[in-house]
There are 2 protein chains.
Amino acid sequence: MIKTSKIKNMEEFASVSGLSRPTVSKYFNDAESVRASTRTRIEQALEEYDYRPNIYAINQNRKLTKNVGILVPYLSDPFFAEIARNVEQRCIDAGFRPTLYSAHGDPSLEVEILDSLRSFKPAGVLMAPLGRSSIRGEIEKFCDEVPTVLFDSNIPDLGLAFVGSNNTQFSMLMAEYLCRTGEPPCFFEMQTPSNPNANKRRQGYLDAMLKLGHQPKVIKAEGDGWAFEEIGRRGAHEVFKSGGFPSKTILCSNDRLAIGVLTACWEEGIRVGLDPEASIRVAGQDDHPLARYTCPPLTTIAQEYEAISSYAVEMLTKAVESGEKDHESKLFEGKLVMRDSA
Amino acid sequence: MIKTSKIKNMEEFASVSGLSRPTVSKYFNDAESVRASTRTRIEQALEEYDYRPNIYAINQNRKLTKNVGILVPYLSDPFFAEIARNVEQRCIDAGFRPTLYSAHGDPSLEVEILDSLRSFKPAGVLMAPLGRSSIRGEIEKFCDEVPTVLFDSNIPDLGLAFVGSNNTQFSMLMAEYLCRTGEPPCFFEMQTPSNPNANKRRQGYLDAMLKLGHQPKVIKAEGDGWAFEEIGRRGAHEVFKSGGFPSKTILCSNDRLAIGVLTACWEEGIRVGLDPEASIRVAGQDDHPLARYTCPPLTTIAQEYEAISSYAVEMLTKAVESGEKDHESKLFEGKLVMRDSA
DNA sequence: GTATTATATTTACGCGCGTAAATACTGGAT
DNA sequence: ATCCAGTATTTACGCGCGTAAATATAATAC
């Protein structure tokens, strides 16, 4: 039963709960720091008179806020949306107040966000950098000022930690699987990948092919930006126009590119998949949320969404609490997800 | 050339720019409110000594902040990610400081977000409610306290305005097109749609069929939550198991459902599309970012993303500036996007 | 040159809370 | 009853800025 009388500030709330303001303040800072009997009195009052401390007044004086910034390069990419959701939830569970930002693929916007993030006085930041186009200097400055954990895309030696996937292993795993089950794959990627992970994946492919004694073949699609599906589709059409892929098996650098390739194949009337009538196999990497729903469903390498986000938040929590600053790097292996496209 | 000496507060910044603090404060509040010569002095100082007013101190005393909250029901849905991105940018352009929130499909989280949004003292909020499962009472209370523009999904008479699509028209347009070009469609939707728009779409379908003298047939897929693709896929499989769809043309309530249906068709070995070998046509609604890349590419109704977000922000800006409170409702028509699935 | 505005400065207070130090209280043990 | 450690209270200051009122100054007009 909430009383109608509105509580203006902590002073008033303290008086209605029969306590002093500093005590109440202590409670809101850390509920465990007051005696159990005091705690219940405050919590009863909280149910009766709805009151919330003014966040602006709180953060003005606290040296360490409970704010956490989450910055991803492109939120319209379901992969980042999904991992952001995951990370956000874990931050809340860890007692932080996360705020989500997207650079929308724009390096200058990324820097702007870092700027406004600074004035948030965040306890820490979880950041997936844009990658290739990120302005390293600015990010470095930021990491020096604010405890920052990088994820997904690494910038060597920056921040408290990096948490991501072992992208080399991703491609090796997939390449090996493809070689084992059919014609050795060619590798399909963007000419100018927006992300250093792409280089690791290419290298993984090359390594695997070398190891298995096959001739690697890398095909590049032109195009810039974040419209990966379109780049994949156009690129594949180009390839078909000029004689087709050098192998009947195409390992794409990521799922979104693969989705574009699937579309191109459909438009060319080329059957994709494992059944006898199909003439081409296509595989992706990432386990994009829609990979299971392509036609045919996309064989891919699953990122450890949960593990990555969990570990990243853990790293940040630890660093914030201990104040340590030694750089750590953690890579998770991917798992093969066999579906019908390859 | 940025001086190394760090500016702590507005007092210091005012002194290095040779002005008084109230004048500088006025500038940051509204750059146009000071004399041009003063403005340039401040801006020169800004380039020299990087300083940003403390946001917490600013917002503590301002009755009207420049904060805007953007709340969507499910950010991992690319449709909402895309519209959020659009809205966010327009808010920035309009001079606001937007912050993005997602209810992640959870009504209680939606209410929690509204709660924490209150303490942000936002100038206004742009909100796409969860829909059916939204707790109307709570939202109503919020709309009474904070200038709120609803978009995408309407809650009658709530907020300053509603901006969305004419969902009835969407289905009518598509149904008419499908009747004109082939067998009249059946309508495929979720049993318990999470969103009132679904009801409008069903009604539009029914109206169109009635008008054209065809027998309407509505098929419902079981399932709850936001995994629309999976619900569509499972639902379609169920239908195939029990004798198949009552028409060779399937109009889906939304694109994500249609993507699931396409997957089910693929899994059943049923060809979809316009070419002679195909036995089924499938159409969606929304023009989901990936609709163009399904196999076959999905025929759908395009939402006016740009127009909706632009109008929503415009409504909010106007309301914030004028303080008016008369409810307004604006619906945009959809456009038919013909691709190969129907 | 003076009168008239428009703009800047001075001064002073308040916002809601964090925080620190000194003091007073509480419950439980002896 | 006495002592003690753990908590709560009192008091007081500060954070960085918004804002208002009175005053001083600069820009513009005549």
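Letters A, B, ... mirror the listed sequences (proteins, then strands); counts begin at 1. Below, all heavy atoms of this structure are taken into account, side chains as well, without hydrogens, waters or symmetry copies.
- The phosphate of C:dT19 has OP1 or OP2 within less than 4.0 Å of a side-chain N or O from A:Asn29.
- Evaluation of atom-type donor-acceptor distances gives no pair under 3.5 Å for the side chain of A:Asn54 against the base of C:dC17.
- Rounded to whole Å, atom C1' of C:dG16 lies 13 Å from atom CZ of A:Arg62.
- In the model, B:Asp93 has a side-chain atom that pairs as donor or acceptor with a side-chain atom of B:Gln89 under 3.5 Å.
- Between A:Phe13 and A:Phe28, the two ring planes are tilted [angle within 30° to 60°].
- Residue A:Tyr51 places no side-chain N or O under 4.0 Å from the OP1 or OP2 atom of C:dG16.
- Proximity of a side-chain donor or acceptor of B:His104 to a complementary backbone N or O of A:Arg85 within less than 3.5 Å is not detected.
- Under the ring pair (Phe, Tyr, Trp, His ring centres under 6.0 Å) criterion, B:Phe151 pairs with no residue, sequence neighbours left out.
- Checked against C:dG18, D:dC17, C:dC17, the side chain of A:Asn9 finds its nearest nucleotide in C:dC17.
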Short N/O separations, protein against nucleotides 7-13 of chain D, under 3.5 angstrom:
unit_1: D:dT7; atom_1: O4'; unit_2: A:Arg35; atom_2: NH2; d: 3.4
unit_1: D:dT7; atom_1: O3'; unit_2: A:Arg35; atom_2: NE; d: 3.4
unit_1: D:dT7; atom_1: O3'; unit_2: A:Arg35; atom_2: NH2; d: 3.4
unit_1: D:dA8; atom_1: OP1; unit_2: A:Arg35; atom_2: N; d: 3.1
unit_1: D:dA8; atom_1: OP1; unit_2: A:Thr38; atom_2: OG1; d: 2.1
unit_1: D:dT9; atom_1: OP2; unit_2: A:Ser20; atom_2: N; d: 3.1
unit_1: D:dT9; atom_1: OP2; unit_2: A:Ser20; atom_2: OG; d: 2.8
unit_1: D:dT9; atom_1: OP2; unit_2: A:Thr23; atom_2: OG1; d: 2.5

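- In this structure, the CE atom of A:Met10 is 14 Å from the C1' atom of C:dC15, given to the nearest Å.
- Across the protein-nucleic acid pair, A:Lys8 atom NZ and C:dG16 atom P stand 7 Å apart, rounded to whole Å.
- Remark: of the listed residues A:Met127, A:Lys318, A:Met315, A:Met315 is the sole one forming a side chain to side chain contact (heavy atoms under 4.5 Å, CB included) with A:Val149.
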| A:Tyr49 vs A:Glu12, side-chain hydrogen bond (donor to acceptor under 3.5 Å, both in side chains): CA-CA, chis, key distance, verdict | CA-CA 10 Å; A:Tyr49 304 81; A:Glu12 275 189 31; over 6 Å; no
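- Atom CD1 of A:Ile58 is separated from atom P of C:dC15 by 17 Å (rounded to the nearest Å).
- When only modelled atom types and interatomic distance are considered, B:Glu328 and B:Tyr311 share a side-chain donor-acceptor pair under 3.5 Å.
- Shown are B:Asp157, B:Ile155, B:Leu331; of these, the side chain to side chain contact (heavy atoms under 4.5 Å, CB included) with B:Phe162 is made only by B:Leu331.
- End-to-end axis angle for the helix from C:dG1-D:dC30 to C:dT30-D:dA1, using five pairs per end and rounding to 10°, comes out at 10°.
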